[in-house]
Structure formats: structure tokens, C-alpha cells
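Okay, structure first, notes after.
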Protein chains: 2
Amino acid sequence: MANSQFAMAVHVMAMLAKNCDERIKSSYIAKSVNTNAVVIRRLLSDLHEANLVVSQTGYSGGTCLTRQPADVCLLEIYEAVSHDNIFGLHAKEPDRDCEIGSTITGVLGKLQVEIDEAVKQKFASYTLQDVIDELVKCKEEKGEKILSE
Amino acid sequence: MANSQFAMAVHVMAMLAKNCDERIKSSYIAKSVNTNAVVIRRLLSDLHEANLVVSQTGYSGGTCLTRQPADVCLLEIYEAVSHDNIFGLHAKEPDRDCEIGSTITGVLGKLQVEIDEAVKQKFASYTLQDVIDELVKCKEEKGEKILSE
DNA sequence: TTCTTTTGTAACTAAACTTGTTACAATTAT
DNA sequence: ATAATTGTAACAAGTTTAGTTACAAAAGAA
């Protein structure tokens with residue numbers, strides 16, 4: 001199964017961004033994401049560790065953003081919930097007695113860093129506000145489609 | 001577990017590149033990669049589908065490259081063994097009745113394509129020969145280290 | 001104070017994926 | 001014929017992901 005944590009995290013952040021002034025409940029977000037509230041709270045826990053959200057327990061508790069959507073880049077969200085490299089190295093260490101086996105990991109490691117950097121750079125080029133803007137644009141396009149049908 | 005298919009595939013291809021004129025046996029590669037020969041043959045099967053290698057069964061059978069290492073880019077290897085996007089979309093479809101839930105997938109899909117493209121572009125910028133060259137460079141550096149110790 | 005709501009987190013399950021292994025038919029040189 | 005090798009199916013063990021239940025802690029409401 002492809003990891004959907006980032007997709008859900010962006011969804012969560014977008015929900016919070018749309019209601020910047022209220023505290024949003026995990027159950028409300030869960031309904032939109034179509035999952036269990038605990039799944040959302042686990043994500044919010046990661047996002048909190050990254051200082052992207054604050055939550056309050058108890059009656060009238062909930063979560064809100066710590067910053068304006070324009071000040072949150074997607075890289076922060078990605079790093080908050082994603083811990084893997086784009087590709088992994090060998091599960092078991094290759095044969096040290098083989099000329100290639102003994103050096104390939106170093107070469108792949110360098111490549112791994114480069115690829116990861118390219119991804120990070122791309123994620124860093126967008127903010128949460130860009131996602132909101134795009135959401136609005138998509139919504140409008142959908143509206144036009146309905147009208148022109 | 002982070003997927004190590006690409007790492008193993010590059011290792012396999014590098015082994016084949018180092019012995020361009022012979023047919024290499026899966027058991028020989030498996031020893032260097034430190035895994036089972038069947039794991040290697042499964043990888044070779046994917047690489048064959050991508051037209052990167054040819055194998056022969058039977059006595060004195062084995063596998064060799066279809067092209068010179070300089071004519072194989074890492075993107076081809078990556079695409080031969082990797083089928084996932086960098087990040088996945090929602091496991092379950094979000095709530096259609098929610099303004100954000102109904103549009104977020106489209107936005108994330110566009111982002112997904114962009115990120116995947118960035119990765120592909122990076123992989124496309126290297127050839128198997130570059131990996132071989134880097135291997136040689138790393139080996140030399142190791143040698144120097146030993147001498148200077 | 002007591003009740004209610006909500007978060008935070010642990011524990012468990014089910015499904016999917018990855019790697020490793022055994023087994024064996026098909027193929028090909030000796 | 002015999003031996004060696006690939007190709008592939010079938011299965012096992014370990015890991016990961018998402019989902020679920022349960023409940024303590026927190027905090028406002030009554």
C-alpha cells in the first residue's frame with residue numbers, strides 16, 4: 001500500500017487553514033478524510049511535533065494552525081509525517097569481499113541524498129496557501145463543468 | 001521496510017556492466033548482493049521486461065546487458081523495478097459532501113505528478129556508466145585512506 | 001463539585017508488501 | 001543421458017499501514 005500520510009496531512013492542514021480562527025475537532029476532520037478520528041489525532045501529533053499545529057484537550061477543545069497558511073511550506077508537512085528515503089538501500093549489507101559489493105552502498109547513498117534533495121526542493125516551492133488557492137480553482141472548474149453540461 | 005529493489009537493481013546492473021562480454025549467473029550476483037538467487041532472478045525478470053538485459057537458460061546460461069552502460073540511464077532502472085508514486089493518495093476516497101474532501105484529491109494528484117517528474121528528471125540525468133565511474137572513484141578513495149592511515 | 005466532551009496514546013487487528021526460501025519444470029551445453 | 005541454469009509458483013516471516021477499541025487526562029459546563 002502506498003503511504004498516504006502526506007496526502008492526509010495536507011488534507012488536515014487544509015481543513016485547519018479554512019477555519020483559522022476556530023478550534024477544529026478531530027472527529028470533524030475524520031469525517032472529511034473518511035477515516036477514524038484516532039488516525040487524524042495521530043497525524044496531528046506528528047504535525048504538533050513539527051510545530052505546525054496546537055491542540056487543546058477537554059470540552060470545546062480542538063486544533064488550529066500555529067501560522068498563516070502562506071507561511072507553511074509543503075516541505076514542513078512532508079517532513080513532519082514522512083521518514084523514509086525515496087529509495088532504500090540494501091536490506092542486508094552487500095558482500096565486502098566483492099569489489100562492487102563493498103563500494104556500491106556509498107555510491108547509492110550519494111544518489112539517495114541527491115534524489116531526496118530534489119524532492120525536498122520541490123515540496124519547499126509550495127505553501128499551504130498555494131494548495132488552498134488550487135482547491136478554490138478546482139472547485140470553480142467543477143462548477144463550470146456542471147454549467148456547461 | 002524501505003523498498004530496496006532499486007538499490008539491488010543498480011547493483012545487479014553494475015555487476016553485469018563490469019562483465020559486459022560474459023553471461024553472469026544469478027548465483028554469482030546473489031553472493032555479491034548478499035541475498036538469494038531467486039531474489040536476483042526476480043529482479044532480472046523486471047529488468048528483462050524493460051529490455052535492459054537478456055538471459056539464457058540451461059548449461060552455461062546467465063544474463064548480460066542489452067546495451068552499453070553509457071546508454072542506460074538510471075531512470076530506466078528505476079522505472080523497471082519501481083511502481084509507486086513518491087507519496088500515495090488517500091487510502092479511502094474523502095467525503096464528497098465536504099468542500100475540501102471533494103477537491104483535495106485533484107490537487108494532490110497534480111502535485112504527485114510534479115514531484116514524480118522531478119524525481120524522474122534527476123534519475124534521467126545519470127547513466128549506469130556514471131555509477132561505474134563513481135564506484136571506481138570510491139574504490140580509489142578507500143585505497144588512499146588505507147595508505148594514509 | 002460533578003458531568004460531559006475532547007485530546008493523547010496504548011494496544012490490538014487485518015490487509016498489504018518485502019524479502020527470503022523451497023521446489024520444480026523448461027532449457028541448453030557437455 | 002546428465003548436469004547446470006533460468007523462470008516462476010508457492011509459501012513463510014517480518015514490517016508497515018490503516019483502522020479500531022479503550023481509557024486516562026484535561027478542561028469547560030452545569
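We name chains A, B, ... by the order of the sequence lines, and we start the count at 1 in each one.
For the pair A:Asp95 and B:Val33, the minimum side-chain heavy-atom distance is 4.5 Å or more. Looking at B:Pro69 and B:Cys20, their side chains come closer than 4.5 Å, going by heavy atoms from C-beta outward.
Rounded to whole angstrom, the span from the CZ atom of B:Phe6 across to the P atom of C:dT18 amounts to 16 Å. The distance between atom NE2 of A:His48 and atom C1' of C:dT9, rounded to the nearest whole Å, is 14 Å. Atom NE2 in B:His83 sits roughly 15 Å away from atom C1' in C:dA16 (whole-Å rounding). Between the NZ atom of A:Lys92 and the P atom of D:dG14 there is a distance of 13 Å, rounded to whole Å. The nearest whole Å value for the distance from the CG atom in A:Leu43 to the C1' atom in D:dT20 is 16 Å. The CD-P distance, from A:Gln56 to C:dG8, rounds to 10 Å in whole Å. To the nearest angstrom, P of C:dT9 lies 16 Å from CD1 of A:Ile40. Rounded to a whole Å, the CG atom of B:Asp84 is 7 Å from the P atom of C:dT18.
For residues 8-36 of chain B, proximity to DNA chain D is found at B:Ile24, B:Lys25, B:Ser26, defined as any non-hydrogen atom under 4.0 angstrom from a strand atom.
The listed nucleotides are D:dT20, D:dA22, C:dT19; the one nearest the side chain of B:Gln5 is C:dT19. When each of C:dG8, D:dT17, D:dG7 is scored by its nearest atom to the side-chain atoms of B:Arg41, the top-ranked nucleotide is D:dG7. Across C:dT21, D:dG28, D:dA18, the shortest atom-to-atom separation from the side chain of B:Val39 is found for C:dT21. Residue A:Val38 places its side chain closer to C:dT9 than to any other of C:dT18, C:dT9, D:dA10.
Annotation: of the two residues near DNA chain C, A:Arg42 and A:Tyr59, the 5′-most nearest-nucleotide partner is A:Tyr59.
Ion pairing of A:Lys122 with B:Glu117 is absent here, as no side-chain N (NZ or NE/NH1/NH2) approaches a carboxylate O to less than 4.0 Å.
Side-chain atoms of B:Thr127 come within 3.5 Å of backbone atoms of B:Asp130 as a donor-acceptor pair (strictly under, hydrogens ignored). Checking side-chain atoms of B:Arg23 against main-chain N and O of B:Ser60 turns up a donor-acceptor pair under 3.5 Å.
In terms of phosphate contacts, B:Ser55 brings no side-chain nitrogen or oxygen within less than 4.0 Å of OP1 or OP2 of D:dT5. The phosphate of C:dT30 (OP1 or OP2) has no side-chain N or O of B:Ser60 nearer than 4.0 angstrom. The side chain of A:Ser45 contributes an N or O atom lying less than 4.0 Å from OP1 or OP2 of C:dT9.
With no hydrogens or angles considered, a side-chain donor-acceptor pair links A:Ser32 and A:His11 at under 3.5 Å. Inspection of the A:Arg96 and A:Ser102 side chains reveals no N or O donor paired with an N or O acceptor under 3.5 Å.
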